[in-house]
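Comments concern the structure below.
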Amino acid sequence: MNDTVDKLVIFLAKRDGIDKLVKTFQYVSKLVHWQIENTHPDLATRAKQWEVASGLSRKAFRSGRFLTGFNAVRRNPGPTTTFRLLAVLSNAGEMVYFFFDHFLWLSRIGVLDANLARRMSFISAFGESFGYIFFIISDCMLIQEGIKTEKTIIKSKMEESKDSKEKIKKIRVDRVMRLMAVAANLADLIIGLADIEPNPFCNHAVTLGISGLVSAWAGWYRNWP
């Protein structure tokens with residue numbers, strides 16, 4: 001009772017799990033739309049509708065998500081002053097992102113004035129990008145600390161002991177998870193920049209599509225049971 005199907009069911013029961021699945025739909029359909037826009041306009045229109053519907057669905061799933069960042073700062077801000085500051089900055093950005101994302105969603109589905117959408121999108125993307133910068137810095141610092149600790153254990157020539165092997169294994173697993181987090185946050189940062197400061201690179205369908213899939217699949221890896 002712990003095979004791939006069991007793990008998939010557990011994964012999809014989590015809000016992050018279903019979000020990553022629908023995010024995959026969203027950015028696959030974006031790439032499909034770009035690929036067939038000129039050759040099969042009817043199918044491209046359907047792909048675009050799938051992309052838009054997936055994006056709106058994800059916003060609905062994220063209702064109340066801004067409280068996660070608040071609780072993270074409240075319960076586990078970090079072991080040192082530097083990490084506490086990074087936690088406050090990163091989670092504050094994420095809280096702004098998720099909070100204003102509610103208004104963006106409501107304006108896009110017609111509950112609020114549709115003219116608010118652009119402004120809400122900018123504020124949400126700015127908070128998202130701001131937070132991701134500090135999440136990336138924090139993860140890189142923790143990766144560096146892990147590498148130093150691993151080198152210290154190896155230099156002490158105690159890596160053959162059972163406890164040391166477990167510590168090294170734990171450090172390496174944590175490093176992979178943090179590298180996945182950095183990859184996801186960098187990809188989402190590119191998507192955020194496309195909203196804040198539109199430019200040919202960030203706003204290209206291929207850039208956005210690949211960035212979205214990298215973020216989604218890194219999230220799958222990190223959250224897989």
Side-chain angles (χ1 to χ4, degrees), residues 11-12 14-38 44 46-62 65-66 68-69 86 89-101 104-105 108 117-118 120-140 143 175-224:
F11 177 73
L12 292 177
K14 302 176 183 177
R15 177 154 57 171
D16 277 348
I18 196 67
D19 179 67
K20 300 313 177 193
L21 178 63
V22 179
K23 190 172 189 176
T24 300
F25 295 158
Q26 180 182 357
Y27 287 99
V28 165
S29 57
K30 177 180 279 293
L31 290 171
V32 170
H33 174 265
W34 171 78
Q35 180 67 27
I36 66 174
E37 186 176 10
N38 296 323
R46 295 181 189 181
K48 186 65 179 177
Q49 290 172 339
W50 191 16
E51 178 195 342
V52 172
S54 297
L56 291 174
S57 297
R58 290 183 62 226
K59 293 182 187 307
F61 296 148
R62 294 198 293 257
R65 181 72 181 272
F66 67 94
T68 303
L86 288 170
L89 292 171
S90 57
N91 283 288
E94 191 177 66
M95 285 163 64
V96 169
Y97 161 45
F98 285 126
F99 183 75
F100 283 94
D101 206 42
L104 174 58
W105 171 51
R108 284 187 173 166
R118 184 70 200 111
M120 295 300 102
S121 179
F122 179 86
I123 296 171
S124 179
F126 185 86
E128 176 185 24
S129 301
F130 180 86
Y132 285 144
I133 289 169
F134 294 102
F135 277 126
I136 291 167
I137 292 171
S138 179
D139 279 324
C140 287
I143 288 169
R175 186 186 308 152
V176 171
M177 292 300 179
R178 293 195 183 281
L179 286 171
M180 292 294 105
V182 169
N185 289 334
L186 278 172
D188 283 328
L189 180 59
I190 291 171
I191 295 170
L193 290 174
D195 266 335
I196 298 170
E197 190 64 40
N199 61 83
F201 174 73
C202 290
N203 290 79
H204 195 284
V206 174
T207 305
L208 290 172
I210 292 174
S211 296
L213 291 176
V214 167
S215 173
W217 293 343
W220 273 78
Y221 186 88
R222 289 169 60 212
N223 290 285
W224 190 256

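Below, all heavy atoms of this structure are taken into account, side chains as well, without hydrogens, waters or symmetry copies.
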**Asked** Who passes side-chain hydrogen bond (donor to acceptor under 3.5 Å, both in side chains) against R175, sequence neighbours left out?
**Response** E150
**Heavy-atom pair with the smallest gap, counting every atom of C202 and L193** = SG-CB, 4.2 Å
**Message:** Going by side-chain hydrogen bond (donor to acceptor under 3.5 Å, both in side chains), name the residues that satisfy it together with R222, two or more places apart in sequence or in a different chain.
**Reply:** none
**Message:** So does S211 get a backbone contact from the side chain of S215, meaning a donor-acceptor N/O pair under 3.5 Å?
**Reply:** no
**Message:** In the structure I gave you, are the side-chain heavy atoms of L31 and L213 within less than 4.5 Å of one another anywhere?
**Reply:** yes
**Item:** Shortest non-hydrogen contact from D139 toward A181
**Value:** OD2-CB, 3.5 Å
**Prompt:** Which heavy-atom pair separates L89 from F134 by the least distance, and what is that distance?
**Reply:** CD1-CE2, 3.6 Å
**Item:** Smallest separation among heavy atoms of I196 and S129, with atom names
**Value:** CD1-OG, 3.4 Å
**Message:** Suppose we screen for side-chain hydrogen bond (donor to acceptor under 3.5 Å, both in side chains). Which residues come up paired with S121, at least two apart in sequence or across chains?
**Reply:** D195
**Request:** Only one of T207, I210, V214 passes side-chain contact (heavy atoms from CB on, under 4.5 Å) with I190; say which it is.
**Result:** T207
**Asked** With no hydrogens and no angle check, is any side-chain donor or acceptor of S29 less than 3.5 Å from a backbone partner on F25?
**Response** yes
**Item:** Separation between NE2 of H33 and OH of Y27, rounded to the nearest 0.5 Å
**Value:** 15.0 Å
**Item:** CA sep, side-chain torsions, deciding dist, call: L208, Q26, side chain to side chain contact (heavy atoms under 4.5 Å, CB included)
**Value:** CA-CA 11 Å; L208 290 172; Q26 180 182 357; over 6 Å; no
**Asked** To the nearest 0.5 Å, how far apart are NZ in K30 and CD in E51?
**Response** 4.0 Å
**Request:** Compare every heavy atom of V182 with every heavy atom of C140, then report the nearest pair and how far apart it is.
**Result:** SG-CG2, 4.4 Å
**Request:** Tell me, please, which residues at least two apart from N185 pass side-chain hydrogen bond (donor to acceptor under 3.5 Å, both in side chains).
**Result:** none
**Fill in**
Rounded to the nearest 0.5 angstrom, the CZ-CD distance for F135 and E128 is 11.0 Å
**Message:** When you compare the side chain of W50 with that of V32, does any pair of heavy atoms fall below 4.5 Å?
**Reply:** no
For residues 91-99, tabulate all N or O donor-acceptor pairs below 3.5 Å that involve a side-chain atom, not counting sequence neighbours.
{"residue": "N91", "atom": "ND2", "partner": "A87", "partner atom": "O", "Å": "2.8"}

**Asked** Below 4.0 angstrom, N of the basic side chain to O of the carboxylate: do D188 and K23 qualify?
**Response** yes
**Request:** Would you mind reporting whether Y221 and M177 have side-chain heavy atoms less than 4.5 Å apart?
**Result:** yes
**Asked** With a cut-off of 6.0 Å (strictly less than), are more than 12 heavy atoms of other residues, nucleotides or ligands near CZ of F126?
**Response** no
**Message:** Tell me the closest heavy-atom pair linking S57 and V22, and the distance in Å.
**Reply:** CB-CG1, 4.4 Å
**Nearest-0.5 Å distance that lies between atom CG in D16 and atom CH2 in W220** = 12.0 Å
**Request:** Please round to the nearest 0.5 Å and tell me the distance separating atom CD1 of I133 and atom CG of L186.
**Result:** 10.0 Å
**Short side-chain to backbone donor-acceptor contact, R108 and A117, under 3.5 Å** = no
**Request:** Tell me, please, which residues at least two apart from W34 pass side-chain contact (heavy atoms from CB on, under 4.5 Å).
**Result:** H204, A205, V206
**Fill in**
Between the CG atom in L86 and the CD1 atom in I136, the distance rounded to the nearest 0.5 Å is 12.0 Å
